[in-house]
K.L.:
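Take a look at this one; I'll ask things after.
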Amino acid sequence: MVCLRRLALTAVLSLPTTNALATATSGLSGLADRLFNGQGSAFEFVLTAHYDNWSRWNPPVNDNYTVSSAHGKIRVEGTTLNALARGLRHYANEVLQIDEFWFVETYKTVPERLPAPKQPLTGASVVPWRYNLNTVTFSYSFAWYQWKDWEKFIDWAALRGINLQLAWVGYEKIFLDSFKELGLSNEDILPFFSGPAFQSWNRFGNIQRSWGGKGDLPLEFIEQQFDLQKKIVARMVELGITPVLPAFPGFVPDSIKKVRPNAKLTVSPNWFYPAPDKYTRDLFLDPLDKTYSELQKLFISKQIDAFGNVTNIYTLDQFNELSPASGETNYLSGISKNTYAGLTAANPAAVWLLQGWLFFSSRSFWTQPRIDAYLGGVTDNQGMLILDLYSEMNPQWQRTNSYSGKRWIWCQLHDFGGNMALEGRVQTLTSAPIDALAQSKSLVGFGLTPEGYEGNEIVYDILLDQAWAAKPLDTKAYFESWTTKRYAGVSKIPSELYQAWETLRTNVYSNTRTDIPQVAVATYQLRPALSGIVNRTGHFPHPTAVHYDPAVLKDVWKLMLESVLRQGSLWKVPAFQLDFIDVSRQMLSNQFDFLYVDLINAYKCSIATGSNELRSNTPNCNVESAGNKLLGLLSTLDLTLLTNRHFTLQNWIDAASSWGKATGNEDLFTFNARSQVTVWQVDATNLNDYAAKAWGGLVGPYYKGRWSIFVDALVAASKSGNLDQNALTQKLKAFEAKWQAGGSAVAQANVQDFSVVMQSLQKSWPDLFPTK
């Protein structure tokens, strides 16, 4: 067994020395400093079990911790570093009634001298693994993250008890250096890489090259990302989070033929037809080929050299939305057997982590015999760890016989593309994983796997907290407690605010509809059309229907408004500002659907009526009036979002621009940033608006721009009696391409303008506002 440095839990063999413990727990003191305004010295951290690295020979067991008072210190004892971090959060929640949130700065009051808990605080996990991240999160959410962003995020994860997390940043450096050892040059390899906002799919083997004519991925960016990865991995390790590092998945540039002319290569299918083949159809190197094991050893050894021996767990996905070249069971078992042989040749203790998405997305291909063959190629059941990626809605563990006996993790996917609608299934998140734990002997963890993190923070918190509770959490009590900590720092939180979150719990966050399986996109975010976009259900394309009565959001908004009118200091709490804008955004988004239906009905009425005179005398046939109301709402929504930088396109573009300036190709970075949240890619349409965002500066210039073209076309058609659909489509495509290329300035956030928003809302909907 490879002896690795990563701190983790095994059976108690021998206790570390005092000096070793002090070194081991120094990262926890830093975490406490950041959480409690420099008072990390108030805590004494004690590891209660021997630590070593998790591996297939050394599987983890459940964690526990105790927080108590001892010798003038707040003593935090736990079985692992991660258990200590979780205990630190328990103390903050229970004793100080505060928490650390992700998307906003915490508005909290920390006493000058931290009080000891009156009674010992204890916690025990019900699963060994608490997992985090989807491969594509690194593009949808983290594409432009700097160290300050990662530092906050890793603290958030550690405090919530996450102890297993993907670490993909800087992968291109490992790829580049490994292929250069085969004899290729930078010029041979760099054109294979995708742009900075699309790296996840290049890593999956779905796409290749950087489209848009903006140049290759800069070498400077690759180097800077790798330096960032070193910081990320080191911080994860010191807070007890095992990094899941990338293995070599098998996808190679065409230039490999220069140095390995006889390599056994298979051309992958076109991933997003009808895109040109040059942007997809990656080459897959057969794991039976000797070059495969050579590259696998290079990938693993170079990461050990760079980061230290910090993990035995490696992520490796070969068939993400791509079918294998053959469905023969011998072929499938041979692929996985040789893949794992290459992995263990590089690290004998290796565990292969696999996203189980392929068994859902290609379920017609993946029959049970094929699943058994592919997973069975790894004969050691401890040698694989499967993420049941979409457990809350489309679990695959039942139909796969608990992944043929391999260890697996129950995951919440929830959000596709980083869409921003309010949605959740808290009743599922608190019951289904506990039920699965009782039914499947190979279930070893709960986890989060959203494609993008863009709000709805409470649904992620509740699953992570369920990992530390043997029975389903009481969601009513949970929401009340979460609200208290969310708005900590206010002397008294108004009852209306608790009522608002209770209404959200029982409606917005209690989705039970199977035909609305995820966070929706808004109708206004789709390319305008006469039909097929409003009240849409299903998984792909994204749904636009909401699963609750839209009037509920107006009630929630009123309660939040009454709260801040009653307790003015609420507006100083960043979390309240964010949540109020978020609810306002969703309320306006829901209202758009009604205005859209009015517009379409007005157009149909105008066509049916026929004469101009009759149309002018029939209010419901006035297309121009209906269109102006719809466009006016988008203007109000844009202005609302611009009052908070979190909800602005500027935030996204500025972050991309910063990396671009630092690496010498700002045009590539800003082009990628604009592309991802709109058309997604070049010369294909099936992912248009897939990663749509409700951001100020995007809603007005882009979405309203498209709808203005549509409204103008309907107004003209209502007079002529003829809508040229082809001409309209071409005009919309031309508008999208121009915006993608940078033909619009980015609107600036302005918090001071919120009074203007309130006036606009009051003018549009006077019934929303209190009469007194």
Side-chain angles (χ1 to χ4, degrees), residues 5-52 60-100 106 108-128 130 154-163 235-242 464-465 467-470 481 484-485 488:
R5 196 176 58 189
R6 161 73 172 87
L7 303 178
L9 171 65
T10 66
V12 179
L13 300 176
S14 61
L15 293 178
T17 66
T18 301
N19 287 338
L21 280 174
T23 302
T25 61
S26 60
L28 274 298
S29 296
L31 176 63
D33 274 338
R34 294 189 292 277
L35 185 60
F36 300 113
N37 297 344
Q39 297 190 64
S41 60
F43 295 88
E44 177 188 21
F45 296 102
V46 179
L47 283 167
T48 59
H50 180 69
Y51 49 85
D52 198 353
V61 296
N62 293 345
D63 275 329
N64 63 76
Y65 63 81
T66 301
V67 185
S68 59
S69 177
H71 313 297
K73 294 271 191 177
I74 301 167
R75 182 182 176 93
V76 187
E77 300 178 60
T79 46
T80 62
L81 292 177
N82 186 256
L84 299 178
R86 173 74 190 190
L88 202 60
R89 179 175 177 239
H90 193 161
Y91 168 82
N93 288 179
E94 189 75 20
V95 178
L96 303 183
Q97 292 291 293
I98 62 172
D99 207 345
E100 187 72 17
T106 304
K108 60 192 178 189
T109 301
V110 178
E112 292 185 4
R113 182 178 177 84
L114 295 176
K118 296 178 180 178
Q119 300 288 339
L121 308 174
T122 61
S125 69
V126 297
V127 284
R130 287 82 61 188
I154 295 168
D155 282 356
W156 175 90
L159 289 166
R160 278 153 177 76
I162 289 169
N163 64 350
R235 178 59 57 83
M236 288 171 65
V237 169
E238 72 177 23
L239 296 184
I241 303 174
T242 297
L464 294 175
D465 286 340
W468 297 80
S481 175
T484 299
K485 297 187 288 287

K.L.:
Measure across V67 and P117 and return the closest heavy-atom pair with its distance rounded to 0.1 Å.
P.N.:
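Nearest heavy atoms, V67 then P117: O-CG, 3.9 Å.
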K.L.:
Apply side-chain contact (heavy atoms from CB on, under 4.5 Å) to residues W156 and L464 and explain how you reach the verdict.
P.N.:
CA-CA 11 Å; W156 175 90; L464 294 175; 4.2 Å; yes
K.L.:
Taking the six-membered ring for Trp, are Y65 and W468 parallel (under 30°), tilted (30 to 60°) or perpendicular (over 60°)?
P.N.:
tilted
K.L.:
Which heavy atom of P115 sits nearest to which heavy atom of Y91, and what is that distance?
P.N.:
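Closest approach of P115 to Y91, heavy atoms only: O-OH, 2.5 Å.
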K.L.:
Give, for atom CE of M236 and atom OG1 of T242, the distance between the pair rounded to the nearest 0.5 Å.
P.N.:
8.0 Å
K.L.:
So which heavy atom on A85 is nearest to which on A158, and how close?
P.N.:
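Shortest heavy-atom contact: CB-O, 3.4 Å.
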K.L.:
Looking at CD of E44 and OG of S29, how far apart are the two atoms once the value is rounded to the nearest 0.5 Å?
P.N.:
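Spacing of CD (E44) from OG (S29) equals 10.0 Å.
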K.L.:
Does any N or O in the side chain of R130 come within less than 3.5 Å of the main-chain N or O of G161, such that one atom is a donor and the other an acceptor?
P.N.:
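It does hold such a pair.
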K.L.:
Checking side chain to side chain contact (heavy atoms under 4.5 Å, CB included) between R86 and each of D465, I162, V76, which is the one that passes?
P.N.:
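Among D465, I162, V76, the one that satisfies the side chain to side chain contact (heavy atoms under 4.5 Å, CB included) with R86 is D465.
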K.L.:
Do L114 and L96 have side-chain heavy atoms sitting under 4.5 Å apart?
P.N.:
yes
K.L.:
So, the side chain of D99 versus the backbone of A92: is there a donor-acceptor pair under 3.5 Å, distance only?
P.N.:
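Pair absent, no side-chain N/O of D99 close to backbone of A92.
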K.L.:
Is there a side-chain contact between D155 and L35 (heavy atoms, below 4.5 Å)?
P.N.:
no
K.L.:
Working to the nearest 0.5 angstrom, can you tell me the gap between T25 OG1 and F43 CZ?
P.N.:
13.0 Å
K.L.:
Heavy-atom distance under 4.5 Å between the side chains of V61 and P128, does that happen here?
P.N.:
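No, too far: nothing below the 4.5 Å cut-off.
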K.L.:
Looking only at heavy atoms, what is the nearest atom pair of Q97 and E94, with distance?
P.N.:
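Where Q97 meets E94 most closely, the heavy atoms are NE2-O, 3.5 Å.
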K.L.:
Looking at every non-hydrogen atom in both residues, tell me the closest pair between L81 and G240 and how far apart they are.
P.N.:
CB-CA, 3.6 Å
K.L.:
Mind running side-chain contact (heavy atoms from CB on, under 4.5 Å) on T80 and N163 for me, showing each step along the way?
P.N.:
CA-CA 9 Å; T80 62; N163 64 350; 5.9 Å; no
K.L.:
Heavy atoms only: give me the nearest R89-L159 pair and the separation to one decimal.
P.N.:
CD-O, 3.0 Å
K.L.:
Working to the nearest 0.5 angstrom, can you tell me the gap between S69 OG and I74 CD1?
P.N.:
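So the OG of S69 and the CD1 of I74 are separated by 7.5 Å.
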K.L.:
Taking side chain as C-beta onward, heavy atoms only, is L239 less than 4.5 Å from I154?
P.N.:
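Contact flag for L239/I154 side chains = yes.
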K.L.:
Are side-chain heavy atoms of K108 and E100 found at a separation under 4.5 Å?
P.N.:
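The answer is yes, as the side chains (C-beta and beyond) meet within the 4.5 Å cut-off.
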K.L.:
With T79 as reference, evaluate T48, D63, N64 under the side-chain hydrogen bond (donor to acceptor under 3.5 Å, both in side chains) test and give the passing residue.
P.N.:
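It is D63; the other options fail the test.
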K.L.:
Would you confirm whether Q39, through its side chain, and P111, through its main-chain N or O, come within 3.5 Å as a donor-acceptor pair?
P.N.:
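Yes, the answer is positive, given that a donor and an acceptor are paired below the 3.5 Å cut-off.
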K.L.:
Main chain of S41, side chain of K73: is a donor-acceptor contact present, judged purely on distance under 3.5 Å?
P.N.:
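Judged by distance alone, yes, a pair lies under 3.5 Å.
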K.L.:
Quick one: OG1 on T122 to NE2 on H90, what's the gap to the nearest 0.5 Å?
P.N.:
7.0 Å
